[in-house]
Amino acid sequence: MSVQKIQTEVRKFALQNAVLFNGKANEKAVTGKVIAALKKDGVTPAEILPVVSQVVAQINSMSAADQRAELATLAPELLKKEKKEKDFSLPPLPLAEKGNVITRFPPEPNGYLHIGHAKAAIIDYEYARLYDGTFILRFDDTNPENALLEFYDAQIQDLRWLGIEWDLEYHTSDHLQTHYKLAEQLIRQKDAYICNCTPEAIKDGRFHAKSCACRNENTGSVGLDLWKQMLASPEINYIVRLRGEMDSDNTAMRDPTLFRVITATHPLTSDNYHVWPTYDFAGAVEDSISGVTHPFRTKEYELRDPVYFHILNLLQLRTPHLMEFSRLSIEGMPVSKRKIKPLIEQGLVSGFDDVRLPTLRGLKRRGLVPEAIKQFVFQQGFSKVESVVDFSLVESVNRKFLDPRVKRYYFVPDPVRLVVADAPKKTVKLPLHPDAAMGNRTLHTASIFYIPRQDMQKMKVGDVFRLKGLYNVKITNIDETIQGSYAGEEIIQESAKIQWTTDETMPLKILVPGLLFKGETFNPESLREMQGYAEKAVARLPAGEIIQFERVGFVRLEKQNNDTVAIFTHK
Ligand code: ATP
Ligand code: MG
């Protein structure tokens with residue numbers, strides 16, 4: 001076998017090993033593989049060993065994307081053998097049978113979905129799929145003060161963007177008549193009562209574990225009378241309370257509210273109803289009557305679980321297998337509608353799709369892809385342990401998806417002008433990606449260039465650097481403009497390789513989102529701007545495209561008032 005053939009074999013296995021192990025091939029491992037593979041051709045270890053160390057060193061100096069791309073061309077069959085991602089599969093559900101699992105995702109249509117909702121929706125959806133079950137999208141729209149038509153639509157769009165599909169969709173507000181019947185049943189059974197105490201008195205009673213007179217008086221037939229009055233007139237501002245345990249250590253059990261009067265117009269039922277069930281009642285009843293077998297809630301509801309079961313037991317309704325997972329929290333980011341809303345109202349962010357927000361719309365504008373969000377959720381796991389994670393974890397998953405598939409261009413931040421007096425006129429084709437299949441772009445160069453100021457600050461007259469993909473330049477004078485001379489084409493290993501544009505450029509602003517909060521305080525510098533020149537070719541890309549600016553990072557292009565701007569995704 002020729003030396004060249006051996007080299008190619010070594011290269012294949014070294015690339016494969018590097019791709020499997022974070023970009024660093026291991027000499028010993030590669031040697032073993034090559035010896036085994038070439039044994040049948042009579043190649044001896046002595047012929048292999050000297051080749052390996054040289055090839056491994058060279059491959060380890062390549063970027064991960066370049067290694068992967070070369071392996072894809074050289075030996076695609078080895079790429080397929082790639083070590084499986086760590087197994088982040090769902091743990092089995094208790095008491096679950098294939099075909100009989102029903103889950104649901106129950107958003108309140110009172111805002112835009114964020115990455116925390118994505119976690120919940122993905123878990124619900126994936127469990128239904130795992131067990132060939134049914135997945136329900138249920139809008140928990142029982143507070144007409146907060147529900148808006150635009151939010152139902154937006155939540156549907158955002159779930160679709162995530163790649164989630166549901167078998168059934170309905171609104172809790174569709175079932176109010178059923179809820180009323182069940183309320184009557186509880187009052188008739190003397191398991192619920194009408195309370196007309198003042199809100200202060202009710203709060204006080206709960207605090208001191210003391211019941212009020214309503215508990216025994218306004219139930220049974222008297223209670224039913226009052227209930228009818230409530231239903232008849234929005235002026236009768238009473239509440240329905242469960243007869244729980246007023247002296248329970250768990251304050252959630254101290255006769256929680258089941259129904260209250262809310263007179264706001266509802267986006268779907270208009271002014272037809274003014275008595276609305278609370279989350280405690282509606283959540284439990286809906287899970288049960290819609291056949292949900294495994295409802296998930298975030299851990300903060302744990303203390304309310306006894307209320308959930310108590311209501312269903314009193315109504316003799318089926319009790320689902322209630323499950324919990326931890327709420328997703330991200331350092332410096334508000335992963336909660338309740339925290340996002342005031343930021344919008346106070347004008348601290350531009351809207352629900354502000355690029356600093358963890359809303360699905362904000363993340364999409366920023367260049368996060370749905371596959372990455374899903375993989376991130378799986379990586380976090382499904383435990384109940386509460387933790388605050390760093391957004392860089394989301395970024396690193398996203399990078400893995402973008403790196404092999406987005407085009408690369410040059411961007412020159414804070415540009416300085418470079419004049420290469422004796423520059424040869426050239427037409428160069430530069431690859432859009434190490435994966436050659438992604439094609440090239442063509443640039444015409446003459447004597448004027450722009451290069452990053454930061455790179456120039458490290459240089460002095462006499463230094464030679466390379467305009468990446470073009471040729472070498474020797475610096476002859478440094479002033480407001482840099483003067484240089486043509487210094488040949490041969491690649492000089494140790495010289496800097498610098499991204500550039502010609503004078504055919506596209507001035508471009510990159511918006512760089514940062515963390516909205518430092519500790520608990522709002523960070524006024526959370527949105528920075530980077531100005532510079534992109535290659536002209538970038539101007540022809542459609543809005544919405546995600547690209548990589550070499551050495552700068554990934555960005556997503558967007559149109560703002562007819563101008564193209566870029567949103568910085570991550571390094
Ligand atoms: P928010 O504080 O964002 O208003 P919420 O719980 O009131 O949260 P809902 O629309 O009622 O919002 O939530 C729908 C589902 O999404 C619920 O099952 C809820 O537990 C889950 N969820 C909401 N926020 C998170 C989060 N940060 N992490 C995980 N799950 C979440
Ligand atoms: Mg809620």
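Just so it is clear, the model here is predicted, and its values are computed rather than measured. Counting starts at 1 for both ligands and their atoms, in listed order.
Centroid-to-centroid, the aromatic rings of Tyr301 and Tyr279 come within less than 6.0 Å. Aromatic pair Phe139/Tyr170: centroids not less than 6.0 angstrom apart. For Tyr125 and Phe105, the distance between ring centers is not under 6.0 angstrom. Checked against the 6.0 Å centroid criterion, the rings of Tyr131 and His294 do not qualify as a close aromatic pair.
With ligand atoms numbered from 1 in the order given, ligand 1 contributes 20 (O), 29 (C), 30 (N), 31 (C) to contacts under 4.0 Å with heavy atoms of Thr298. Interface of Ser336 with ligand 1, defined as ligand atoms under 4.0 Å from a residue heavy atom, comprises 1 (P), 2 (O), 3 (O). The Phe325 neighbourhood of ligand 1 comprises atoms 29 (C), 30 (N), with distances under 4.0 Å to a heavy atom of that residue. Heavy-atom proximity to Val335, at under 4.0 Å, picks out these atoms of ligand 1: 27 (N). Residue Pro107 has at least one heavy-atom neighbour below 4.0 Å for each of these atoms of ligand 1: 10 (O), 14 (C).
Residue contacts with ligand 1: Leu328 is placed with a nitrogen or oxygen under 3.5 Å of a nitrogen or oxygen of the ligand (distance criterion only). Between Glu300 and ligand 1, no pair of N/O atoms sits closer than 3.5 Å. Looking at Lys337 next to ligand 1, an N or O pair under 3.5 Å apart turns up. The N/O atoms of Glu108, backbone and side chain alike, include one that comes under 3.5 Å of an N/O atom in ligand 1. Remark: ligand 1 and Asn110 share no N or O pair separated by less than 3.5 Å (distance only, no angle test). Close N/O approach between Lys119 and ligand 1 is not found [any backbone or side-chain N/O within under 3.5 Å].
Note on ring orientation: taking the six-membered ring where Trp is involved, the planes of Tyr180 and Tyr273 are perpendicular (angle over 60°, cut-offs 30° and 60°). A perpendicular orientation is assigned to the rings of Phe522 and Phe517, their planes being inclined by more than 60° (bins at 30° and 60°).
More than 12 heavy atoms of other residues, nucleotides or ligands lie within 6.0 Å of NZ in Lys98, so this atom counts as buried by the packing criterion. The environment of Glu97 atom CD is sparse: at most 12 non-hydrogen atoms of other residues, nucleotides or ligands sit within 6.0 angstrom.
Every heavy atom of Arg297 sits 4.0 Å or more from the atoms of ligand 1. Note on ligand 1: Tyr279 sits outside its first shell, no heavy atom being nearer than 4.0 Å.
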CA sep, side-chain torsions, deciding dist, call: Tyr238, Asn218, side chain to side chain donor-acceptor pair (under 3.5 Å): CA-CA 11 Å; Tyr238 301 158; Asn218 298 345; over 6 Å; no

Audit row: Arg338, Asn110, side chain to side chain donor-acceptor pair (under 3.5 Å) steps and yes/no: CA-CA 10 Å; Arg338 262 159 293 191; Asn110 66 344; over 6 Å; no

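Considering Glu386, Arg138, His117 only, the shortest heavy-atom separation from atom 22 (N) of ligand 1 involves His117. Of the candidates Gly116, Gly283, Ser329, the one placing a heavy atom closest to atom 31 (C) of ligand 1 is Gly116.
Residue Lys339 does not touch ligand 1, judged by heavy-atom distances below 4.0 Å.
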